[in-house]
Amino acid sequence: MWLFNSSVGKKVIMSVSGIALVLFLLFHMSMNLVAIFSAEGYNMICEFLGANWYALIATAGLAALVVVHFVYAIILTLQNKKARGGQGYAYTVKPKNVEWASQNMFVLGVIVILGMALHLFNFWANMQLVEVLHMLGANVDASLAADGVHYIKETFACPVYVALYVIWLVALWFHLTHGFWSALQTLGWANQIWFNRWRVIGNVIVTIIILGFLAVVAVYAVCPCAGC
Amino acid sequence: MDKNISFTLKVWRQRGPKEKGAFATYEMKDIPGDTSFLEMLDILNESLVNKGEEPIVFDHDCREGICGMCSLYVNGHPHGPATGATTCQLYMRRFKDGDTITVEPWRSAAFPVIRDLMVDRTAFDKIQQAGGYVSINTGGMPDANALPIGKDIAEEAMDAAACIGCGACVAACKNGSAMLFVSAKVSQFALLPQGKPEAAKRAKSMIAKMDELGFGNCTNTRACEAECPKCISISNIARLNREFIKAKLKD
């Protein structure tokens with residue numbers, strides 16, 4: 001199958017999973033914005049996306065996307081290291097027009113994954129996971145499982161978490177500004193005109209996503225009772 | 001008249017593919033600025049031969065920027081710091097008096113060093129042989145307007161055909177990817193009616209050969225485009241991806 005054994009095929013897998021994850025982030029960010037305006041509204045969304053069958057299927061799908069994206073990143077990076085050869089250059093210069101992010105996508109990706117692990121620990125493990133365990137009959141307290149605002153307040157009351165989340169989001173911004181147009185280039189949807197268009201569109205979408213996420217962090221870090 | 005300059009040259013010396021290489025340092029005195037980089041190496045080699053030492057081995061042929069034989073990774077750039085030029089088109093006036101100039105061979109697993117600065121670029125020939133041609137006898141010269149081709153398409157095909165297959169794209173790429181080369185070779189035909197009937201087959205077999213020879217996977221860093229002596233655009237890579245994906249989906 002060409003998707004799995006050709007270089008372009010493997011990159012198509014990276015592109016499609018990456019674009020799907022960007023769409024997810026857009027969706028996630030839109031929901032987060034509600035927490036700035038209405039704590040009640042945000043908790044309604046938390047309830048709606050708790051341990052319901054559709055939310056669980058979507059969560060499994062997302063997990064699969066992340067795993068595929070990460071596993072293929074490792075495969076491609078190892079192949080590329082091998083293709084580069086053992087002997088490196090003694091004198092290197094970054095050519096102009098080469099974005100810093102484009103040459104550090106794997107490192108940025110690792111930061112993003114670590115940030116995601118922290119994020120799952122802060123929120124998912126206290127919310128959807130607790131709800132699922134509760135439904136399975138485990139002895140857990142599920143009274144706060146759908147109280148997303150409670151966990152936002154708790155997390156961002158701690159400046160260390162605020163700093164870690166900001167680092168995470170900045171790394172994600174760098175990763176996505178390259179990833180977005182790169183994905184479309186890999187899918188072949190680019191030429192001399194569309195190359196620049198996709199770069200601008202990508203930068204705008206990605207900046208909106210990251211600013212949206214940062215807004216929630218900032219509002220709750222500065223004013224702990226926001227949304228009340 | 002350009003001024004004469006004196007500088008230190010750090011050159012990679014390696015006796016054979018399996019042997020360990022190292023940098024050797026040479027002091028160059030009073031080299032005129034209008035000496036080309038390769039002529040400067042000729043001057044050095046002449047002095048080495050006169051001293052009874054082994055001359056530095058490097059690839060070169062036409063010395064006018066069209067054959068694609070010269071290589072050399074000069075001060076961190078394939079073909080040196082000049083843009084849109086090959087090493088043979090690089091002149092010493094670009095360097096300053098007292099500079100240290102580092103000269104390395106192309107570094108890529110698919111381009112093993114043969115000796116000193118010369119690498120084996122047979123891999124590119126193998127990719128070409130896998131499909132970089134038109135196998136139909138197109139007959140004699142057609143009437144100028146018998147086969148109308150848009151000006152912009154003709155220009156793009158011509159720009160792709162400017163690729164001299166020197167391997168600077170692979171040398172510049174942190175992934176050792178040959179996508180810019182392959183995409184130029186696929187594009188120059190895919191854009192024109194003569195190349196269209198075999199376009200799908202060509203994209204598939206050239207990519208398959210490229211993967212087989214151990215070139216890396218393109219991550220769109222654009223280093224190739226920035227360093228290409230013929231300024232081949234990465235929009236060719238998008239076209240290659242498109243041709244390849246289209247061909248595979250059709251199968």
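Throughout, protein chains are lettered first and strands after them, A, B, ... in sequence-line order, and every chain is numbered starting at 1. Model, not experiment: these values are computed from the prediction.
Residue B:Phe23 touches chain A through its side chain alone, counting heavy-atom pairs closer than 4.5 Å. Both the backbone and the side chain of B:Ala171 come within less than 4.5 Å of a heavy atom in chain A. In this structure, chain A has a heavy atom under 4.5 Å from the side chain of B:Thr83, while its backbone stays farther away. Only the side chain of B:Asp211 comes within contact range of chain A, judged by heavy atoms closer than 4.5 Å. Heavy-atom distances place the side chain of B:Ile207, and not its backbone, under 4.5 Å from chain A. B:Ser108 touches chain A through backbone and side chain together, each having a heavy atom under 4.5 Å away. With a threshold of 4.5 angstrom between heavy atoms, B:Ile234 approaches chain A through its backbone and through its side chain. In this structure, chain A has heavy atoms under 4.5 Å from both the backbone and the side chain of B:Cys218. With a threshold of 4.5 angstrom between heavy atoms, A:Lys11 approaches chain B through side-chain atoms but not through N, CA, C or O.
Contacts between residues 204-216 of chain A and chain B, defined by a heavy-atom separation under 4.5 Å, are made by no residue at all.
By the 30° and 60° cut-offs, the orientation of the rings of A:Tyr89 relative to B:Tyr73 is parallel.
Looking at residues two or more places apart in sequence or on another chain, you find no side-chain hydrogen bond (donor to acceptor under 3.5 Å, both in side chains) involving A:Ser15.
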